Amino acid sequence: MDPVLNYIDGAFVAAQSGETLDTVNPATGDVITTLPRSGSVDVEAATSAALRASSKWAATSMAERIQWLHRLADALDEDHETIARLESMDTGKPISLARRVDASRSVANFRFFAEFGEQHEEPTFSDHGAVNHVHRSPIGCVGLITPWNLPLYLLTWKVAPAMLMGNTIVAKPSELTPLTAHHLASVMQRIGLPKGVFNLVHGLGPEVGQAMVEHPQIRGISFTGGTATGKIVAATAAPMFKKISLELGGKNATVVLDDAPLDEIMDDLVRASFTNSGQVCLCGSRILVDSAIYEDFKGRFVEAVGRMVIGDPTEESTTMGTVISKDHQQKVESYIRLGVEEGGKVLIGGTSSEAPVDNVPSEGAFLRPTVLEGLSHTSRTATEEIFGPVVTLHSFDNEDEAVAMANATEYGLAGSVWTKDAKRGHAFGQRLDTGIVWVNTWLNRDLRTPFGGVKQSGVGREGGAWSLNFFSELTNICVLQP
Ligand code: TXE
């Protein structure tokens, strides 16, 4: 495969240092291709290109920018299968998942914000003989920094509203997953998006991401990634009074109340636990079950997990592929061992040596889905983010105890509640210290809704009007009426 290159000022270029990194297929351990190991000089070139394009792009009409978003949605839709294959190869996720989630949502992100822009009207407020007009203008040049778990899905989730609001962009995908960002840039070049509107700089976080956050002319940073990195980004950006949006980690609770219809929800709970090998910040990694149904639930859940098809991500029948890398595989395995050290019992799965995946290369970062029980809900295994195919089971005796357990981590991103009574679930959800709660469903996404977390899961919200507000500056113009 041709090398991945930076995309700066409408052209594909190497890092000025000429240095490169390898991107690896996690299912085989093979090097797919190289990407630029960029540095601050490349960030400077990209930012200069973005600034040169800034005033012209800001002067385009919303209608024109909406048309560019529709064109991008159309082009990505045409490339749907290519995108799915690239994403599956770069991440080790099953091709079926890459189609259904990554490629489809990348198209939807552009389509949604185009249509949201068409319907959006700025409010006016009248009082004291005056009419107040809310005037919205772009921030200018914004920096988008994204992780490796849902590479194009999360990049386009930021690119679409940033473009819609008239900003120009410097984007940095994870160094582990550059392929679909590179494809997005090639699509932008193919459809003739004005040069400098979108710029892509590949490389290591501390070398490229840090330079973006430090750059005085990148006036807003939208970051999705780990909490530890989020702290660094915030510490760098805050004294510069930059706008920052932080979508960070999670340790989400799946709460199964005593009246949950167990015959109907097992497949949903397996999906909520192990989609993308548990590498979705919205996955439920702790399952809290009413003690009255715990044993029945446990048997059904373990049996449903046992039905998953773990293996080659290029196979249509595979429901779970690899984790992102051998390093991450070892990190997740260290948590499985910790879980046992902390008193947990492995009900199914285990480390790759204890529970090997059949018919896959040893160089692949494969792990079987693992379920542990018997751990305190305050144990490290049950409170630290693992970000892999590992869940812990816990029982509670009443709703108050379930709420206390669910809220007992430093994270607060998402959660789900399962019950026959939707009203009971809605009331329970209001007691969870998270940004998102699903009742009798999971990853059910209306893109108009606020998305984000509290506590160590981040600052700010994305989605619908929340994205428009982040990627724009508001001026209130108060006009005294004659
Ligand atoms: O994150 P990292 P990863 C979280 C999830 C998991 C992590 C996985 O909790 O822990 O992200 O993604 C760049 N200055 N979420 O490991 O390392 C880095 O190069 C600036 C939650 O990739 O934080 C990459 O491009 N940038 C989320 C990006 O930051 C830096 C959904 C993220 O890298 C940097 C998805 C630095 N000093 C994952 N160091 C949610 N809440 O939606 C690294 N980077």
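One-based numbering, in listed order, for ligands and for the atoms of each. Computed from a prediction, not measured in an experiment: that's the story for all the values here. Atom set for the values below is all heavy atoms of this structure, side chains included, hydrogens, waters and symmetry mates excluded.
- Of the protein's heavy atoms, Q210 OE1, 3.3 Å lies nearest to atom 37 (N) of ligand 1.
- Looking only at atom types and distance, the side chain of T351 has a donor-acceptor partner in the side chain of S353 under 3.5 Å away.
- With a heavy-atom cut-off of 4.0 Å, L413 touches ligand 1 through its side chain alone.
- Counting heavy atoms closer than 4.0 Å to ligand 1, residue S457 contributes nothing at all.
- Ligand 1 lies nowhere less than 4.0 angstrom from a heavy atom belonging to G458.
- Of all the listed residues (G452, G249, G225, A235), G225 holds the heavy atom that lies closest to atom 4 (C) of ligand 1.
- Side-chain contact annotation: R136 with N469, donor-acceptor N/O pair under 3.5 Å present.
- Under the 3.5 Å distance criterion, the side-chain polar atoms of S54 are left unmatched by any main-chain donor or acceptor of A50.
- Side-chain contact of S222 with K158: a donor-acceptor pair under 3.5 Å is present, judged by distance alone.
- For atom 42 (O) of ligand 1, the candidate residues are P147, S325, C281, A414; the nearest heavy-atom contact is made by C281.
- With a 4.0 Å heavy-atom cut-off, ligand 1 is reached by the side chain of E175 but not by its N, CA, C or O.
- Residue K195 places its NZ atom among 12 or fewer non-hydrogen atoms of other residues, nucleotides or ligands, all under 6.0 Å distant.
- Atom numbering of ligand 1 starts at 1 in the shown order; those under 4.0 Å from a heavy atom of I232 are 37 (N).
- When heavy-atom distances to ligand 1 are checked against a 4.0 Å cut-off, W148 comes that close through both its backbone and its side chain.
- At the top of the distance list for atom 38 (C) of ligand 1, counting protein heavy atoms only, stands N149 OD1, 3.6 Å.
- With sequence neighbours left out, the side chain to side chain donor-acceptor pair (under 3.5 Å) criterion links R461 to no other residue.
- Side-chain polar atoms of H394 and T392 form a donor-acceptor pair below 3.5 angstrom.
- For atom 33 (O) of ligand 1, the nearest protein heavy atom is 4.0 Å or more away.
- Dense packing is recorded around CZ of R190, with more than 12 heavy atoms of other residues, nucleotides or ligands lying under 6.0 Å away.
- Among all non-hydrogen protein atoms, the one lying nearest atom 28 (C) of ligand 1 is T146 O, 3.5 Å.
- A donor-acceptor contact closer than 3.5 angstrom links the side chains of D90 and T23.
- Polar contact with ligand 1: present for G226 (N/O pair, distance under 3.5 Å).
- The distance criterion of under 3.5 Å between nitrogen or oxygen atoms is met by L248 with respect to ligand 1.
- Looking at atom 17 (O) of ligand 1, its nearest protein heavy atom turns out to be T229 OG1, 3.7 Å.
- With 3.5 Å as the limit, one finds no donor-acceptor pair spanning the side chains of S467 and E462.
- Ranking protein heavy atoms by distance to atom 13 (C) of ligand 1, first place goes to I145 CG2, 3.7 Å.
- Residues passing the side chain to side chain contact (heavy atoms under 4.5 Å, CB included) test with Q330, sequence neighbours excluded: D327, E333.
- When only non-hydrogen protein atoms are considered, atom 9 (O) of ligand 1 lies nearest to E385 OE2, 2.5 Å.
- When only non-hydrogen protein atoms are considered, atom 27 (C) of ligand 1 lies nearest to T224 CG2, 3.2 Å.
- F223 CE1, 3.2 Å is the protein heavy atom nearest to atom 29 (O) of ligand 1.
- Near P173, meaning under 4.0 Å from any of its heavy atoms, are these atoms of ligand 1: 25 (O).
- For the residue pair S104 and H80, a side-chain donor N or O sits within less than 3.5 Å of a side-chain acceptor on the partner.
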